[in-house]
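All figures in this text were calculated on a predicted structure; none of them were measured in a lab.
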Number of protein chains: 2
Amino acid sequence: MQDSEKKNKKEEIYQEAAKLFRQKGYNAASMRDLAERVQLKASSLYSHIGSKEEILAKICFDNAHHFIAGMEAVEAMKTDNAKKIKALLLLHIRTAIEETTSVTVFNDEWRHLSEPQLGEFILLRKDYENRFRKIIKDGEETGELKKMNTEILLYSLLNSVQWLHYWYKPEGKIKQAELEKDIVMMLMEGIASRKPKNRKD
Amino acid sequence: MQDSEKKNKKEEIYQEAAKLFRQKGYNAASMRDLAERVQLKASSLYSHIGSKEEILAKICFDNAHHFIAGMEAVEAMKTDNAKKIKALLLLHIRTAIEETTSVTVFNDEWRHLSEPQLGEFILLRKDYENRFRKIIKDGEETGELKKMNTEILLYSLLNSVQWLHYWYKPEGKIKQAELEKDIVMMLMEGIASRKPKNRKD
DNA sequence: GTCTATAACTTGATAGAC
DNA sequence: GTCTATCAAGTTATAGAC
């Protein structure tokens, strides 16, 4: 089974739609556009899918559940909070690399969902953020993390890894291992080099 | 002159358009929408502006020039590179707070520009990034910055401050001074607290 | 400058033949 | 399941009266 050529048309539509939504944005992407890319007429799409928004919803909720599953795995880890945060950063980095297209749509286009799906999606986001916030707060209490505003810390971390797809090209020069190492180092220890001012050792 | 009420209609249209583009995204925002908000019929808008895209272009290029002007000021500073980077972070933070709406549209909606404006805009972006990259490289050479991949450092810094508007509310609890202090500290020195393991002083 | 009317087009989605 | 034909609604923008 040469998986790249034929296989399931429905699957092909979903994948091509994600690419299209990513390239043009949800609203600028038309069903005629999409149909052409899967070599169908626009009306034929509706034998496979229910509506344009159904495609967007599937992409958004699949990714939301993926991140929540990752969060559950991290919460179950028996380690300190700093390691849990590192694990979450890696979850974001790896997903951004392995599922670039769909995670981009998830990140950028979810707001074009309409109610009641929009509300449900926002609840899932909030749930994820709350559980991330809990780990940060625990880390602050144990003294693993610097004393600073929890919200600033939470969202600065998220921002750093949530928008990777805007510049990182998996096929480019930077390898995944280097990306993971440097981002984690930078966020945990900062960009400034330790000043060898009062060195003793 | 009660600046909030009457004044210039053209100015009002631009400001309201920025709000609308931010709320709905450029494509989902209609000229009828916009007209209603400035209490005109859609056709009357065209006595003040040339086209929908002209509004988007103005927002995008105004902001691009603002950031490039800020970059020029920083380049002219007679300080080390770490301080220049701090100054650029503050430029982003302050702009995000003071010009939330327009900087959001600038950040999120520029890709809906059409050629040749799109190409020109991308050149301005690249120029800004190149000049930022130069400061980082200088800082790496002098040993002010940790040794890590320059691209990762550049874009992680930019990501952290470019997407502030997604969570920071100027009218919320966190004050601007705290935001500036914590973000700069976090990026320069990381989130992990110095371990008091081998303390000597 | 603002309006009504409308041109010219694109949108998501459906009906029904094959 | 795919097609042609089409609908109803929405889009930006213009023409021309006032």
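Between A/E36 atom CD and D/dT2 atom C1' the separation is 16 Å, expressed in whole Å. The interatomic distance linking B/K41 (NZ) with D/dT12 (P) rounds to 16 Å, in whole Å. Atom C1' of nucleotide D/dG1 and atom CD of A/Q39 are separated by 15 Å, given to the nearest angstrom. For the pair B/L34 CG and D/dA13 P, the interatomic distance rounds to 11 Å; values are reported in whole Å.
Checking C/dC3, C/dG1, D/dG1 against every side-chain atom of B/L40, the shortest atom distance belongs to C/dC3.
Using cut-offs of 30° and 60° for the angle between ring planes, the B/W167 and A/Y155 rings count as parallel. Taking the six-membered ring for Trp and thresholds of 30 and 60 degrees, A/W163 and B/Y166 have ring planes inclined between 30 and 60 degrees apart.
Under 4.0 Å is where a charged nitrogen must lie from a carboxylate oxygen, and between B/D138 and B/K134 at least one such pair does.
Using a 4.0 Å heavy-atom cutoff across all strands shown, A/L45 reaches no nucleic acid atom at all.
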Legend entry - Contact state string [nucleotides 5-18 of chain C, B base, S sugar-phosphate only, - no protein heavy atom under 4.0 Å]: B-----BBBBB---
Legend entry - Verdict with reasoning, B/L89 to B/L187, per side-chain contact (heavy atoms from CB on, under 4.5 Å): CA-CA 9 Å; B/L89 293 177; B/L187 293 176; 3.8 Å; yes
Legend entry - Derivation and outcome, salt bridge (Lys or Arg N to Asp or Glu O under 4.0 Å), residues B/E151 and A/K173: CA-CA 10 Å; B/E151 299 307 295; A/K173 277 184 193 165; over 6 Å; no
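With sequence neighbours left out, the side chain to side chain donor-acceptor pair (under 3.5 Å) criterion links B/T95 to B/H66.
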